[in-house]
Amino acid sequence: MRATALFMPTVKEDPADAEAVSHKLMVRGGFVRQFASGIYIMLPLGWRVMQRICGVIREEMDGIGAVEMSMPTMHPADVWQATGRYESIGQEMFRLQDRGGRDMVLAMTHEEVFTWLASRELRSYRDLPQIWYQLQLKFRDEPRPKGGVLRVREFLMKDSYSFDIDEAGLDKSYEKHIGAYDRIFARCGVDIYRVESDSGFMGGAQAHEYIAPSAAGEDRIALCPSCGYAANVELARSVALPPAEAVGAAPTGEATDAPREVGTPGRRTIEEVSTYLGIAPSLLIKALVYVAGDRPVMALVRGDHSLHESKLARYLKTEVRAAQAEEVRAATGAEVGFVGPVGLPAGTGLRVVADESLRPAPVGAESPWPGPRGYAAGANKTDAHLVGVVVGRDFQPEYADLREAQEGDGCPQCGRTLIVEQGIEVGNIFKLGTKYSMPLGATVLDETGRERTMIMGSYGIGPARIAAAAVEQRSDDRGIVWPKAIAPFDVHIVQVQAKDQVQIEVAASLHDSLAAEGWEVLWDDRDERPGSKFADAELIGCPVRVTVGKGASLGMVEVEARRGGDRLEVAVGECGVLVRRLWEACE
RNA sequence: CGGGACGUGGCGCAGUCUGGUAGCGCACCUGCUUUGGGAGCAGGGGGUCGGAGGUUCGAAUCCUCUCGUCCCGACCA
């Protein structure tokens, strides 16, 4: 492909509205352009990358016996009403009406249609198992698109759906996907962690996410380097360190006979109260008021911990939101910053849920802080806190895992130290069970003639996120270093002098011979300054560059790998061999 | 949804506070020179200053409303 015939609008300066490295480089390299918030145009280079990623995905999906098809993106509302998601999803779904006033939606995912199809066409256990997939657009009205192509409102996704007669079959389909996904990400050159995840609005029993570590990612995952435990922090279990740093820091931590009130004028935050009272944050109780459904709930974590709202929501089995200042006042009688579990106004019946780390140690348990632990907490009186509060004596909360796992916590499996990493969710897999097949009546007859509801799984991968993750993980200060399997071209020929007849001939014959060997070749024949052409080649990031310049008249060209290493001068006839060698050495 | 910021030629920005009729760099067009790391000289084209309303003799600039975009948080397969 000649560059003069390719539309590749590169840009020298970073776009003003880009933050993430991948966003900047994909815009500058002429891969994508933003059309509207969260809606992107894939330019020729970007589309080639997408096609290559999709090609890898297709090969691996086909390899586990999945079959590709294509589903509509506009659905009548009734299928979504049947599964209850029409009501439960809310504003994230694009909705519209047809001319007859019928409610329609733009698909955010395709469980409903695939299950609808399965319910009509699969009749016998002999038809199972099935794995169906597609590469299709999804529409989600994200509240906040960001990070270029990372979080968008319209995007391509590989989604697959498995249909099995029983749980054992689902387990097999799930395992097959794990195998395929491992190969897909490895081939695409993206490092990933497979972590336990929340099944969220997909519902279902078990779920994993594939997280590509990157600073641009929105997910945080807790990892145990010792035993391999890996989970999204939104559900990661972990063992809190004891508040050891406070040991001996009298008068804190001592259990007096009863809580004692102390004045804390204007000290609301953990840090302010901690400093003012001279008590370590880990010996403070952080009390947060939430509205769960329509009722207020008080959630407690230790002062050095963070509450994870989705853990609270999962425990309460309802959506939660932070209470407004007036709601806090109504529930506790105190201003925000001074609320606590002791001394709540009588009769409110406020539900109090404490994180497990606040549960009193069993008698005789080994602890660096033997005996009851006295905490400081809000007094439910503006400008006052209580010290010497003993959990279980002064108040009786429910206990649940509410805290966000943090770096340094103990691994729930082996007890060693957890680390926390940030990353991009590039894929996920869910065991759905009968969440969709039941309401849509997707059943088959088993060998005894009995009607059985199919057991389903669903599995997603975001090709554009793979591309962005690859850029995030592989770029350098000059531009992108594409993994070889997903680069827009394999070989980038830079012809230094566009009008030099010898160089034209050498470049043309190289282009043709390399293409004949099966390489995708980009031939930069533009009449640009050499400096721009080199800079563009590095920005665009194809694995191997061949420079046709001064040496051409002597039959010599230069070959080098984008990832670094020597620039080798070789005779034109040797070029193909060297290209292969360098390409094979690339990741 | 809460908080913050920004909309000025294609791109990146200055000008706004303190009102006087729009400027810089890059890109683009023409010519000449140049050509292995984002050229030089000369000439040239291109802007409803996001939109609407208002104040004023006069608005990119002040006021009101509105639309768009980004960032932090919340939310989120």
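- A search for side chain to side chain donor-acceptor pair (under 3.5 Å) contacts involving A:D171 returns A:K431, not counting sequence neighbours.
- Going from atom CD of A:E218 over to atom C1' of B:rA74 covers 12 Å, rounded to whole Å.
- Checking B:rG45 for Watson-Crick or G-U wobble geometry (two distances, each under 3.5 Å) identifies no partner in any strand.
- With sequence neighbours left out, the salt bridge (charged side-chain N to carboxylate O under 4.0 Å, His left out) criterion links A:R95 to no other residue.
- Scanning for side chain to side chain donor-acceptor pair (under 3.5 Å) contacts around A:D159 gives A:Q134, A:K138, A:Y161, with sequence neighbours left out.
- The nucleotide B:rU64 finds its pairing partner in B:rA52, both defining distances of the Watson-Crick or G-U wobble pair being shorter than 3.5 Å.
- RNA chain B is contacted by A:P143, A:R144, A:P145, A:K146, A:G147 of residues 142-150 of chain A, taking any non-hydrogen atom closer than 4.0 Å.
- With sequence neighbours excluded, no residue forms a salt bridge (charged side-chain N to carboxylate O under 4.0 Å, His left out) with A:D191.
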Discussion item. I need a per-nucleotide contact map over nucleotides 6-13 of chain B, read 5' to 3'. Cutoff is protein heavy atoms under 4.0 Å; write B for the base, S for backbone only, - otherwise.
Written reply: -----BSS
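- The stretch residues 34-42 of chain A touches RNA chain B through A:Q34, A:A36, A:S37, each having a heavy atom within less than 4.0 Å of the strand.
- By the side chain to side chain donor-acceptor pair (under 3.5 Å) test, A:S173 is found to be paired with A:D164, residues two or more places apart in sequence or in another chain being considered.
- Pair check for B:rC11 finds B:rG25; Watson-Crick or G-U wobble, both atom distances under 3.5 Å.
- One can place CG of A:D219 at 16 Å from C1' of B:rG73, the figure rounded to the nearest angstrom.
- In this structure A:Y290 satisfies the side chain to side chain donor-acceptor pair (under 3.5 Å) test together with A:E309, sequence neighbours excluded.
- Taking the side chain of A:A535 as heavy atoms from C-beta on, and the options B:rC71, B:rC75, B:rG38, the nearest nucleotide is B:rG38.
- Applying the ring-ring contact (aromatic ring centres under 6.0 Å, His included) criterion to A:F94, with sequence neighbours excluded, gives no partner residue.
- For RNA chain B, the neighbouring residues in residues 541-553 of chain A, judged by any heavy atom under 4.0 Å, are A:R545, A:T547, A:G549, A:K550, A:G551.
- Residues satisfying the side-chain contact (heavy atoms from CB on, under 4.5 Å) test with A:T10, not counting sequence neighbours, are A:D536, A:L539, A:I540.
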